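In this text the structure is predicted, and so the values were computed from the model without any measurement. Throughout, a chain's letter reflects where its sequence line sits, starting with A, and its residues are numbered from 1.
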Protein chains: 2
Amino acid sequence: MSTPFDLAKFLPYRLAVAAQAVSARFARRYSEAFGLTIPEWRVLAVLGGFGTTHAQRLTALTTMDKVKVSRAVAKLAAAGLVQRQPDPEDGRRVLLALTPKGEQLYRDIVPLAQAMQEELLAELPPAGREALDEALRLLSRSPKS
Amino acid sequence: MSTPFDLAKFLPYRLAVAAQAVSARFARRYSEAFGLTIPEWRVLAVLGGFGTTHAQRLTALTTMDKVKVSRAVAKLAAAGLVQRQPDPEDGRRVLLALTPKGEQLYRDIVPLAQAMQEELLAELPPAGREALDEALRLLSRSPKS
DNA sequence: GCCGGTTAGTTACAAATGAAACCGATGTCA
DNA sequence: TGACATCGGTTTCATTTGTAACTAACCGGC
């Protein structure tokens with residue numbers, strides 16, 4: 001007879017559940033404290049760390065498709081956190097950068113994010129951290145076949 | 001000066017990316033081979049392993065809210081994979097069970113799912129597996145504060 | 001038995017998402 | 001230069017998802 005199947009032990013399921021739990025936990029705080037969604041937070045985080053860039057690079061660095069990036073940027077721009085200007089070198093591109101207000105928010109939110117991450121890591125056994133790190137790296141590669 | 005922030009090293013982000021990559025990989029195959037979405041697959045998996053139950057238990061065992069379960073069940077019922085009947089002991093409840101066709105699908109899909117999982121695990125270093133297991137378990141707990 | 005509160009599940013409506021169409025700008029190759 | 005494929009980014013539309021309202025059934029006290 002075949003091995004019984006247990007969804008609770010199924011890796012894709014477990015990964016999805018863990019990611020969802022962690023995301024929800026963080027999303028709630030970003031939202032409560034700063035009114036940001038996760039896509040917006042990702043864009044802010046990259047722009048804050050990276051400086052001025054165009055949207056295409058954001059799609060690569062946030063692992064979101066260009067539609068999602070476009071929408072997140074539009075929201076941030078509407079909130080006065082991001083400023084757009086045409087790229088003089090390529091008329092198709094739009095250069096994106098944080099406004100002073102956006103930079104301020106970035107400076108406020110990063111320590112919180114780091115604290116949350118510490119809090120999360122503190123719940124894990126030290127030995128598990130590198131393992132998790134490595135596993136996430138391997139699992140994140142795009143489907144091979 | 002504060003530690004620079006790098007989204008690519010941020011645990012919630014990495015977890016989301018990994019889960020998304022794995023889910024996409026699996027979802028594509030469920031969908032191609034059997035026409036199932038992930039919620040439907042989850043319901044099928046639980047019903048197949050657990051036997052007859054009511055929807056409420058499915059919400060617990062699939063970590064999906066009752067609306068999502070309800071919709072997945074409706075789809076499966078429409079496809080003739082699940083049969084519903086009123087619970088004689090509680091008129092509010094609906095007892096759910098796989099039809100013979102549903103059981104057949106279950107028998108077909110479980111080996112595939114297990115094979116996919118093996119394939120995935122094979123990409124991970126053996127030492128990391130228990131660590132990953134433990135980490136996912138800890139991270140999946142609902143937000144504490 | 002009846003009334004208020006709760007539970008199981010579905011439905012309705014709004015927000016988020018993804019795929020594809022679209023538009024202006026660029027590059028290229030004859 | 002001019003036709004054509006491609007690229008960056010936005011918009012449109014269909015689907016998915018989440019939240020809240022709703023219906024029917026149960027449960028308790030009275």
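Within residues 69-78 of chain B, the residues that have a heavy atom under 4.0 Å from DNA chain C are, in order of number, B/S70, B/R71. DNA chain C is contacted by B/H54, B/A55, B/Q56 of residues 52-60 of chain B, taking any non-hydrogen atom closer than 4.0 Å.
Under the 3.5 Å distance criterion, the side-chain polar atoms of B/T99 are matched with a main-chain donor or acceptor of B/L81. Within the 3.5 Å criterion, the main-chain N or O of A/L138 finds a donor-acceptor partner in the side chain of A/R141.
Taking atom CG on A/D65 and atom P on D/dT10, their separation rounds to 12 Å, with Å as the unit. Between the CZ atom of A/R93 and the C1' atom of D/dT6 there is a distance of 13 Å, given to the nearest Å. Rounded to an integer number of Å, the gap from CH2 of B/W41 to P of D/dT16 is 20 Å.
Side-chain contact between A/L98 and A/V82 is present, with heavy atoms from C-beta onward closer than 4.5 Å. Taking the side chain as every heavy atom from C-beta outward, A/P88 and A/L95 approach each other to under 4.5 Å. Considering only heavy atoms from C-beta on, A/P39 comes within 4.5 Å of A/M64 through its side chain.
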Side-chain atoms of residues 40-57 of chain A: list all donor-acceptor pairs with protein atoms under 3.5 Å, sequence neighbours left out, distances to 0.1 Å.
residue	atom	partner	partner atom	Å
A/E40	OE1	A/T37	N	3.3
A/E40	OE2	A/T37	OG1	3.3
A/W41	NE1	A/Y30	OH	2.9
A/R42	NH1	A/T62	O	3.1

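In terms of phosphate contacts, A/K68 brings no side-chain nitrogen or oxygen within less than 4.0 Å of OP1 or OP2 of C/dA16. Under 4.0 angstrom from either OP1 or OP2 of D/dT10 there lies at least one side-chain N or O belonging to A/R84.
When the ring pair (Phe, Tyr, Trp, His ring centres under 6.0 Å) test is applied to A/Y13, no partner is found at least two apart in sequence or on another chain. Remark: B/Q104 engages B/R107, B/D108 in a side chain to side chain donor-acceptor pair (under 3.5 Å) (not counting sequence neighbours).
Counted within 6.0 Å of CD on A/E89, heavy atoms from surrounding residues, nucleotides or ligands total 12 or fewer; the atom is thus considered open.
Residues B/V67 and A/P88 both approach DNA chain C. Their nearest nucleotides, taken by heavy-atom distance, put B/V67 toward the 5′ side.
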Query raised in the report: Does the pair B/E32 and B/R29 meet the rule for a salt bridge (charged side-chain N to carboxylate O under 4.0 Å, His left out), with working shown?
Result: CA-CA 5 Å; B/E32 277 174 7; B/R29 297 219 222 161; over 6 Å; no
Distances for protein N or O near nucleotides 22-25 of chain C N or O, under 3.5 Å:
none

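We find the CZ-CG distance between A/R14 and B/D133 to be 4.0 Å, quoted to the nearest 0.5 Å.
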